[in-house]
Amino acid sequence: MLSKGQLLEFYRQMHLIREFERECERQYTRGNIKGFLHVYSGEEAIAVGAISTLQPQDYVVTHYRDHGHALARGVNSKAVMAELFGKSTGCSKGRGGSMHMFDAEKNFMGGYAIVGGQLPVAAGLALASKYRGEDRIALCFLGDGALNEGEFHEAMNLAAIWKLPVIYFCENNLYGMGASAANNLVMYQEIYKMAAAYGIEGIQVDGNDVLAVRELMEQVTHRVRQGQGPIFVEARTYRLRGHSIADPANYRPTEEVAYWQSRDPIPSYREWLLKDGGATQAEIDQIHAAVERELVVAAEFAEKSPFPVAADLYRWVYQEDGA
Amino acid sequence: MAVISYREAVARGLREALQEDSRVFLMGEDIGPYGGSFAVTKGFWEEFGEARIKDSPLSESAIVGAGVGAAMAGLRPNVEIMTINFSLLAMDQIVNHAAKIRYMSGGQFSVPLMIRTVTGGGASVGATHSQSFEGWYASVPGLYVVVPSTPRDALGLFRTCRELGDPVLYVEHILLYGTRGEVPDEPYKIPLGQAEVKRLGRDVTIISYSRSVQVSLAAAELLATEGIQPEVVDLRTLRPLDIETVVQSVKKTHHVVVVEEAPKQGGFGAEVAAQVQRQAFEYLNAPVERVAGEEVPMPYSPPLERLAIPDADRVARAVRALLAS
Ligand SMILES: Cc1ncc(C[n+]2csc(CCOP(=O)(O)OP(=O)(O)O)c2C)c(N)n1
Ligand SMILES: [Mg+2]
């Protein structure tokens, strides 16, 4: 049973991610954030529901749409925003940017921007855990697009034959960049079934329902922790924005967008909280106010933080003396 | 002469190929309804249909490999790899198959495959998305490597590439798409292996390719105000490499600076420097100077990224120092 505190915490995290992404879009138009910006809006229930079932020692690995996973893992919003500003106080010291967030303290093992690249890495993290006999699993997020890459096949097979403690969690938002998953994957409606070909159990879940994701992942993490080998999860979801800030996403049918807007994971969860979850409007308002304050602080922190200095251009290319 | 953008020049080359040669078809990620990641193929899917504009899954290795097979079977596939960074996932098909099949089959088979891709940094997209690997590919016999710096060159070289009987890596620069320039109206072509003097000068030869040519030209303008007249040579193709045009220029200027965006160690500029010293040693008044990217994964942070990529000031400084030595 989840406590009311936990239920509200899920709401707080989802709302934080949504508002964080809005702030990113604002800062992008002001020129404070550069390059690619892929926001996670619409998919919050996945990161929040899934990551909430992990232990601190577990690993999280993800793709380039990584702000939401970082925040759900507890990476400080100031450090994520500062990273986007390219500041030395960012979680990757300004060297990574939007697509390459890392935080060792949180065992947040990175956002990987080469599609599919994180899958073998996750297998390796799980391998290290198994090798040392640790109670530690790896949770690896991937987009539906990653299933088209050879690395998906190679990693799934490797994880299966070596029975690695890794969860491959596919966020099936029905699109890659602009290409619809329907054109790329024969199995796009039932991606989870592809896992069977590797002898891996595949499970589908509603990715816009934070409690459904949470409930499933409680069982999944438990079983993977017991050493039964990898599990593959497919969550059906939708990105409410374009692929990146540069993409108006007008290749998507309006009815489809409208349908998924009506299934926005945040308002529906809020309604449930108020009706059946025992939460009050005052508690919701408090969360909203706290998140707003947090983001003002994050943006200010990012703005006031210094850029990396020129003398540090060569830092961290290799191990440093005494490091 | 019409003034068009670099993007339009590439698109025109592709469109002509599709119109004139029914063996030509396109494969690539998001080249269909989305119009291409850099909008080069905008409208193509509607114009030519999905059988010829094959929107492909995110499978770099499979689409290049399928291009190899289709080319062996007599078609003229034109594959787009969204950026050169992702070409690493297809490198096996490019290097081990496309570039070798004619030779290994004793000339029985050929791979007339054109692979278009996008190189370069400066777009603040971080270390995995800002690399310049064309120099690596230039060390592969059996492959052509083409690196246009202007709309005119982009179109003229494209027309040559699409008729070649061997695989070509045609490399566009991410920051050049919006640049504009004059393009002749007649159906001109530019042969591979023909460098071009983009600016006449007398004091120093600046050699570069792709966007670094624009950087070098900007440096030349700066230097001209100080009474230094650089000659700027655009290699235009890395393989084949036209060293003759370079040597002719060096005979006149006696000083050489090679400019490129990739990290200096092992960069293509090293090959140019080696060939220049071998073929024009007695004409050189100073060692060949190189200006290149820093030996660092591309930082995201904009001020650091600016330090990591050569700019006009850095090229100008190198020229001044060389001439003062
Ligand atoms: C190997 C590789 N190919 C292409 C790209 C360009 N690219 C970045 S994201 C993307 C779409 C990925 O779609 P998906 O995996 O479904 O993730 P989503 O954006 O939907 O979260 C593409 C094609 C890349 N980053 N890496
Ligand atoms: Mg997707």
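Below, each value reflects all heavy atoms present in this structure, side chains not excepted, and no hydrogens, waters or symmetry copies. Chain identifiers are assigned alphabetically (A, B, ...) following the order of the sequence lines, protein sequences preceding nucleic acid strands; residue numbering begins at 1 within each chain.
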* Do you know the tightest heavy-atom contact between Leu89(B) and Val115(A)? -> CD2-O, 4.4 Å
* Which bit of Leu37(A) is near chain B, if near means a heavy-atom gap under 4.5 Å: side chain, backbone, both or neither? -> neither
* Region of Pro302(B) that comes under 4.5 Å of a non-hydrogen atom in chain A -> side chain
* Structure fact -> If you tally heavy-atom pairs under 4.5 Å between each of Tyr251(A), Tyr314(A), Tyr64(A) and chain B, the highest tally belongs to Tyr314(A)
* **More than 12 heavy atoms from other groups under 6.0 Å of NZ on Lys100(B)** => yes
* Asked: Where on Leu84(A) is there a heavy atom nearer than 4.5 Å to chain B: the side chain, the backbone, both, or neither?
  -> backbone
* Asked: Taking atom CD of Glu46(B) as the centre, does the number of heavy atoms from other residues, nucleotides or ligands within less than 6.0 Å exceed 12?
  -> yes
* Asked: So what's closer than 4.5 Å to chain B heavy atoms on Phe36(A): side chain, backbone, both or neither?
  -> both
* **From Asn183(A) atom CG to Asp30(B) atom CG, the distance as rounded to the nearest 0.5 Å** => 10.5 Å
* What part of Met177(A) is in contact with chain B, defined as an atom under 4.5 angstrom from a non-hydrogen atom: side chain, backbone, both or neither? -> both
* Measure distances from Met298(B) to the heavy atoms of chain A and classify the residue's part below 4.5 Å as side chain, backbone, both or neither. => backbone
* Asked: Are there more than 12 heavy atoms of other residues, nucleotides or ligands under 6.0 Å from atom CH2 of Trp45(B)?
  -> no
* Any chance you could lay out the side-chain contact (heavy atoms from CB on, under 4.5 Å) test for Glu295(B) and Val317(A), step after step, and finish with the verdict? => CA-CA 8 Å; Glu295(B) 307 290 327; Val317(A) 180; over 6 Å; no
* Asked: Quick one: what part of Leu88(B) sits under 4.5 Å from any heavy atom of chain A, side chain, backbone, both or neither?
  -> neither
* Measure the spacing between CZ of Arg95(A) and OG of Ser301(B) and express it to the nearest 0.5 Å. => 7.0 Å
* What is the minimum heavy-atom distance between Gly145(A) and Leu58(B), and which atoms define it? -> O-CB, 3.8 Å
* **Part of Ser61(B) within contact of chain A (heavy atom distance under 4.5 Å)** => neither
* Return the minimal non-hydrogen interatomic distance between Asp55(B) and Ala179(A), and the atom names on each side. => OD2-CB, 4.4 Å
* Minimal non-hydrogen separation, Met99(A) against Val125(B), with atom names -> CE-O, 3.2 Å
* Minimum heavy-atom separation for Ser59(B) to Glu149(A), with atom names? -> CA-OE1, 4.0 Å
* Asked: Does Arg320(B) CZ have over 12 foreign heavy atoms under 6.0 Å away?
  -> yes
* Structure fact -> Heavy-atom closest pair (Leu304(B) atom, Val309(A) atom, distance to 0.1 Å) is CD2-O, 3.8 Å
* Checking heavy atoms, do the side chain of Glu60(B), its backbone, both or neither come under 4.5 Å from chain A? -> both
* Asked: Passes side-chain contact (heavy atoms from CB on, under 4.5 Å), Tyr34(B) versus Asp247(A)? Steps please.
  -> CA-CA 10 Å; Tyr34(B) 194 73; Asp247(A) 171 22; 3.8 Å; yes
* Under the side chain to side chain donor-acceptor pair (under 3.5 Å) rule, what do Glu83(A) and Tyr300(B) come out as? Steps first, then yes or no, please. => CA-CA 9 Å; Glu83(A) 187 59 34; Tyr300(B) 161 66; over 6 Å; no
